[in-house]
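These notes are about the structure you will find just below.
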There are 2 protein chains.
Amino acid sequence: MAAEIDETDRLLLRLLRADGRRTYSEMAPEVGLSVAAVKRRVDRLRDIGIITGFTVQVDYARLGWGIEAFIELSFLGSTTVDAMVDSASAMPEVQAVHTIAGDPDALVLLRVRDIAHLQQVIDAFRRGGKVTSTKTLMVLGSWSRDS
Amino acid sequence: MAAEIDETDRLLLRLLRADGRRTYSEMAPEVGLSVAAVKRRVDRLRDIGIITGFTVQVDYARLGWGIEAFIELSFLGSTTVDAMVDSASAMPEVQAVHTIAGDPDALVLLRVRDIAHLQQVIDAFRRGGKVTSTKTLMVLGSWSRDS
DNA sequence: GTTGAAACACTGCCTCA
DNA sequence: TGAGGCAGTGTTTCAAC
């Protein structure tokens with residue numbers, strides 16, 4: 001688990017972050033190594049758990065999920081962290097759940113079709129019984145490193 | 001721009017979300033098409049802007065960036081949305097900036113090495129002059145759809 | 001780092017509705 | 001006309017050494 005990472009590894013991660021489908025032969029000249037050496041480094045980054053996977057980036061607004069919102073949730077004092085994540089992640093509109101130290105207890109990222117849909121998801125949380133308060137933060141726009 | 005998406009496209013997106021490096025030959029039997037047809041569909045999803053890119057998923061904790069935190073920022077009334085994003089995204093610790101309708105004005109995702117580093121980033125925001133208040137939400141754990 | 005074999009990506013052409 | 005299948009070529013991956 002002693003993750004020993006050098007500058008070449010960091011450069012490879014940066015290249016893959018910008019384009020996860022970049023080929024080894026494309027990256028090799030950029031880092032000054034042979035194709036096989038690049039593959040071995042990327043394989044190693046996967047093996048030691050620094051690279052956890054690859055994924056596609058999707059413009060959900062074009063798929064009809066036009067609204068993004070964060071919801072701050074507070075739970076009953078008896079609720080465990082696992083129970084918070086379980087109840088939130090069960091809804092298909094929930095994209096991510098972050099448990100928080102302090103107040104609120106969790107920050108949930110939602111993607112919904114429209115305002116009525118948003119209302120419906122918030123109601124579902126409140127009806128769950130364990131949530132004691134919600135605060136909705138509607139996202140106007142997002143910037144993300146790389147992407 | 002009339003993004004007409006059918007069930008096969010949705011399935012391909014789901015497969016690529018779980019593994020963005022999945023090969024066309026691997027996906028072809030799963031959707032019941034030929035390899036070339038799958039490639040043409042994925043190319044089309046990129047062309048019409050539904051697929052915006054591919055990226056690698058990294059475990060930043062193993063890279064020494066052990067702490068994740070959200071910061072809610074309120075800005076002076078005269079600050080434009082672009083100025084908020086510009087000032088936040090200039091810091092390397094900032095991973096994402098979401099501008100918000102209402103209060104606060106922005107929600108910023110940070111990754112820092114330790115608490116001292118977090119303190120330092122928060123101070124940088126406050127010293128910027130345009131931020132009128134901050135609230136820090138320290139992340140204990142995160143769940144993300146797929147990933 | 002180099003090499004060779006197998007898998008894969010890509011393109012043009014043909015078919016079908 | 002638009003989408004899919006097939007087949008040939010070039011590239012990439014992968015596991016030797």
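Just so we're clear, the structure is a prediction, and the values are computed from it rather than from any experiment. Letters go in sequence order (proteins before strands), and every chain restarts at 1.
- Here B/D103 does not pair with B/K135 in a salt bridge; the nearest charged N to carboxylate O distance is not below 4.0 Å.
- Using modelled atom types, no side-chain atom of B/R62 and backbone atom of A/I51 make a donor-acceptor pair closer than 3.5 Å.
- The residue from B/D105, B/D82, B/V108, B/V81 that alone fulfils the side chain to side chain contact (heavy atoms under 4.5 Å, CB included) condition with B/T99 is B/V81.
- Among the candidates B/I5, B/D9, B/L13, B/V31, the single residue satisfying the side chain to side chain contact (heavy atoms under 4.5 Å, CB included) test with B/R41 is B/D9.
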#### Entry: Letter per nucleotide, 5' to 3', of nucleotides 1-17 of chain D [B base touched, S only sugar-phosphate touched, - untouched; heavy atoms, 4.0 Å]
---BBB-----SSS-B-
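- Under the rule for a ring pair (Phe, Tyr, Trp, His ring centres under 6.0 Å), A/W143 has no partner lying at least two apart in sequence or in another chain.
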